[in-house]
2 protein chains.
Amino acid sequence: MRYARPGQPVRGSKTGKPIMALFDLLGRNWALGIIWQLSAGAMTFRALQERCEGVSPSVLNTRIKELTASGLITRGEAGYCLTEMGEELFALIRPLGAWSMDWAARLDAPDA
Amino acid sequence: MRYARPGQPVRGSKTGKPIMALFDLLGRNWALGIIWQLSAGAMTFRALQERCEGVSPSVLNTRIKELTASGLITRGEAGYCLTEMGEELFALIRPLGAWSMDWAARLDAPDA
DNA sequence: TAATACGCTACGAATTAAATAGCAAGAGGT
DNA sequence: ACCTCTTGCTATTTAATTCGTAGCGTATTA
């Protein structure tokens, strides 16, 4: 398996620029969703799967491995959770929650 | 083609929550990279393709349509560019640039 | 002992992306 | 008119990813 890591070429990025490695990592199905859900606290594999609307275990497992290798999540006593870096990243993407609601409203009423 | 739009079920999201629709949209290959590159200003299809490390035209074209339908990018005189909403979104993800460099450094030296 | 929850793995099918070639339209020059 | 170039994009084939489902092995609880 090929993991997205800064400093080396990754899928879709021949330069290995950190931001492109990050985009490659996050630009996979459910990667952002997993971080988002884990921000609520540690949870088991199956709880996480359920929160991610029943994503298939194979995809979930793959994402977990990628995110773990990238130092964003880890597995503790209470299940999977964000690492310190993962919490930092979540703090950055957190505003997307509020913004997405604005976005949704404006897509419904483009003349706002 | 099935576009990611808030308010209705999308790929991987049966609930239609705005944040999940957004994650679905951004969680596709090159979606984030395209927004990132367009923040530098309007550019032609081929210029954008070149900046995205030679992404295939079919993928680029698909992403352009999705992002256009979602109101994040548009096509003006000088080529493709971010809409007002696109600029807003970029402002939110912009901090990822600096953070990703920290992240890269800490992955190389985990004992920092 | 049975039942349950757990973290996964296997595998075929479906979807998505990549790679490459090339077309039609427009601009510009000769 | 003709050639050349750029542009936006489509077509086609092939590769990679994701999905959906079934189920295994272990641990815990009843």
Side-chain angles (χ1 to χ4, degrees), chain A residues 1-5 8-16 20-21 23-35 37-38 41-70 73-82, chain B residues 1-5 9-15 20-21 23-35 37-38 41-70 73-82:
Chain A
M1 195 189 299
R2 199 141 121 280
Y3 295 117
R5 281 181 64 99
Q8 61 182 278
V10 287
R11 182 187 74 159
S13 176
K14 285 155 191 126
T15 62
M20 288 304 156
F23 283 170
D24 181 39
L25 179 67
L26 300 182
R28 296 181 183 193
N29 212 349
W30 281 110
L32 281 164
I34 288 169
I35 293 172
Q37 297 298 343
L38 283 184
M43 62 189 78
T44 68
F45 186 96
R46 297 203 178 192
L48 182 56
Q49 183 185 14
E50 197 177 348
R51 273 188 176 245
C52 291
E53 295 165 22
V55 59
S56 71
S58 42
V59 172
L60 180 56
N61 192 34
T62 304
R63 284 303 92 77
I64 284 176
K65 280 177 182 160
E66 291 166 356
L67 292 171
T68 300
S70 303
I73 72 176
T74 188
R75 192 173 163 192
E77 287 284 313
Y80 293 102
C81 59
L82 296 177
Chain B
M1 196 188 298
R2 201 141 121 278
Y3 295 117
R5 281 183 64 100
V10 288
R11 181 188 74 158
S13 175
K14 286 158 188 122
T15 63
M20 287 306 156
F23 283 170
D24 181 39
L25 180 66
L26 299 182
R28 295 180 185 196
N29 211 348
W30 280 110
L32 282 164
I34 287 170
I35 293 172
Q37 297 298 343
L38 282 185
M43 62 189 79
T44 67
F45 187 96
R46 297 206 177 187
L48 182 55
Q49 183 185 14
E50 198 177 346
R51 273 189 177 244
C52 291
E53 296 165 21
V55 58
S56 72
S58 41
V59 172
L60 179 56
N61 192 34
T62 304
R63 285 301 92 77
I64 284 176
K65 280 176 182 160
E66 291 166 356
L67 293 171
T68 300
S70 303
I73 72 176
T74 189
R75 192 173 162 191
E77 287 284 313
Y80 293 102
C81 58
L82 295 178

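Chain letters run A, B, ... following the sequence lines, proteins first, then strands; residues in each count from 1. Predicted, not measured: the structure shown is a model, and the values here were computed from it.
Every residue meeting the side chain to side chain contact (heavy atoms under 4.5 Å, CB included) condition with Ala31(B), not counting sequence neighbours, appears here in chain and number order: Arg63(B).
The distance from atom CG of Leu25(A) to atom C1' of dT17(D) is 15 Å, rounded to the nearest whole Å. Rounded to an integer number of Å, the gap from Ile34(B) CD1 to dG8(D) P is 13 Å. Atom CG in Asp24(B) sits roughly 12 Å away from atom C1' in dT16(C) (whole-Å rounding). In this structure, Leu48(A) atom CG and dC6(C) atom P are separated by 12 Å, rounded to whole Å. Atom CG of Leu60(A) and atom C1' of dT21(D) are 15 Å apart (whole Å). Spacing between atom CE of Met43(A) and atom C1' of dC6(C) amounts to 16 Å, rounded to whole angstrom units. Protein atom CD of Glu77(A) is 13 Å distant from nucleotide atom P of dG7(C), rounded to whole Å.
At the phosphate of dT18(D), OP1 or OP2 sits under 4.0 Å from a side-chain N or O atom of Arg63(A). Put simply, Asn29(B) has no side-chain N or O that comes within less than 4.0 Å of OP1 or OP2 on dT16(C).
Contact detail for Met43(A) and Leu48(A): the closest heavy-atom pair is SD-CA, 3.7 Å.
Counting heavy atoms from C-beta on, the side chains of Glu53(A) and Trp30(A) come closer than 4.5 Å. Counting heavy atoms from C-beta outward, Leu67(B) and Tyr80(B) have side chains that stay 4.5 Å or more apart.
Closest to the side chain of Pro57(A), out of dG8(D), dA18(C), dT9(C), is dT9(C).
Side-chain atoms of Thr44(B) stay outside donor-acceptor range of the base of dG8(D), with no qualifying N/O pair under 3.5 Å.
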